[in-house]
Structure formats: C-alpha cells, structure tokens
Amino acid sequence: MAAKPVDRRARRLVVLVSGSGTNLQALLDEIAATGVAAYGAEIVAVGADRDGIEGLARAERSGVPTFVRKVKDYGTREEWDAALAEAVAAHEPDLVVSAGFMKIVGKEFLARFGGRFVNTHPALLPSFPGAHGVRDALAYGARVTGCTVHFVDDGVDTGPIIAQGVVEVRDEDYEDEGVALHERIKEVERKLLVDVVGRLARNGYRIEGRKVVIQ
Ligand code: GRF
C-alpha cells in the first residue's frame, strides 16, 4: 500500500506587533536564512494596533504585507476585536504569533484563532503576568526570571505553556529599573520563539489540557 503523503506545505504565519519588533525580526531572519521549506513556515502578514512603529517598518523592509487596526477607530472594544480577527483571517494563517503585541484580544478573535494563537511573555509564567512582567519580577525580588512562549486563552497570560527560558537577575538590574534585564530576556526570548514556532510548524502539535505536545 502506498505511504500516506507527507504534508510539506509551509505553515502560514501572521505576526502581531506593537513596538520595536525584534522578535519579528528574529523570525524574518531565520526564515530568510533557513528557507521557507526547511523552516516550515512563512510570515504572510504583520499586523499592529498602532502606526509608526519599527515592527511595521521591519515587515515593510522585508516585503511582508502589513495592516493596522487601532482600538480608537472603533466604537467598542468588541468591534475592534472583530475587525482585527477579520484582518488576520484575510491572510488565512495556520498560526498567529503575538510578538510584543500589547493588546488583549477578545471573544471573536479567540473563537477564530484559539489553539493556534501563540504569545511570548517576558517572565516565567504563571509568575508576573500582564504588561509589566520584567518590572514586577524585579520589584518582587525574584533571583531568576525569563520568558514564556504559550498559547493564548481568555485570561491574561494564562494559556498552556509551550516553552520557557531562564535568565538570572543581577544586583545591578535594580539600577536601571530592568532595562538591561529586559534586553537579556529578549536575547533568550528571540531564540526560544524562533525555535518554538518552527517546531510547531514542522512537527504539528496537540494541546492536552495544560500540556502542549509537539509531535
Ligand atoms: C518582548 O519582551 C515581549 O515579550 C514583550 O515585549 C517585548 C517585545 O519586544 N511583550 P520586540 O517588539 O519584539 O522587540
């Protein structure tokens, strides 16, 4: 009997950003260096919640289509959420990656992309969720922190964890309110995100309760 054909189709990624986009750049660089087929995924669009950010400029320089959906342009948060979901869906992604996207998505977005929406967070979840993960870890006096790549659910940074990276806190990190610490976290985070997204795309995965199994 003939073997079942292997699906060699590259996964389509939409990446969402709100800022400098160095995580996005790490993905763009890896895909350019490795090739779409070998990496297993390509970035088909980059979306943002604001204009004028380096993240969008990085996409444009790489020839990747961009879109912007700002909360203030919609009557309600739900309308914005539906518009964002529609804009993402137009690119028919297999996976959506929040790489420094500083907005919480709503019901409509999760109904369409739940289970294939990945976020990267600059702390070791479940410690220090929310918008100030680096600052909060320092304020608590944690001696190690790091980053977490996880699937997004309807809580704030509460979805199933895919992978984590650890970074030590240094005494001098208290002198600049965590700026240097965040940079060290981001070095680890970029490598982790590139590794995780590639493995999800190439190998496939399933989510069993809290556990993510990459095949
Ligand atoms: C990352 O540390 C991410 O976890 C956090 O914001 C940072 C984004 O960095 N939410 P960049 O825009 O990818 O450079």
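When a ligand or atom number is given, it counts from 1 through the structure's own listing order.
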With a 4.0 Å cut-off on heavy atoms, is Gly21 touching ligand 1? yes
Between His150 and His121, what is the ring plane arrangement, given parallel below 30°, perpendicular above 60°, and tilted in between? perpendicular
Can we call the ring centroids of Tyr205 and Phe151 under 6.0 Å apart? yes
Looking just at side-chain N and O atoms, do Thr148 and Gln164 make a donor-acceptor pair shorter than 3.5 Å? yes
Main chain of Leu138, side chain of Tyr174: is a donor-acceptor contact present, judged purely on distance under 3.5 Å? yes
Could you give the distance from CD1 (Ile214) to CG (Leu200), rounded to the nearest 0.5 Å? 4.5 Å
Find all atoms of ligand 1 within a distance of less than 4.0 Å from any non-hydrogen atom belonging to Thr120, and give their numbers and elements. 3 (C), 4 (O)
Which residue and atom name correspond to the protein heavy atom nearest atom 1 (C) of ligand 1, and how close is it? Glu189 OE1, 3.2 Å
Enumerate the atoms of ligand 1 whose separation from the nearest heavy atom of Thr22 is less than 4.0 angstrom. 11 (P), 12 (O), 13 (O), 14 (O)
Is the distance between the ring centroids of Phe128 and Tyr140 less than 6.0 Å? yes
Test of understanding: given a 4.0 Å heavy-atom threshold, classify the contact between Arg190 and ligand 1 as side chain, backbone, both, or neither. neither
protein heavy-atom neighbour closest to atom 9 (O) of ligand 1 works out as Lys186 NZ, 3.1 Å
Give the numbers and elements of all ligand 1 atoms closer than 4.0 Å to a heavy atom of Gly100. 6 (O), 8 (C), 10 (N)
Tell me, please: is His182 in heavy-atom contact with ligand 1, that is, under 4.0 Å? yes
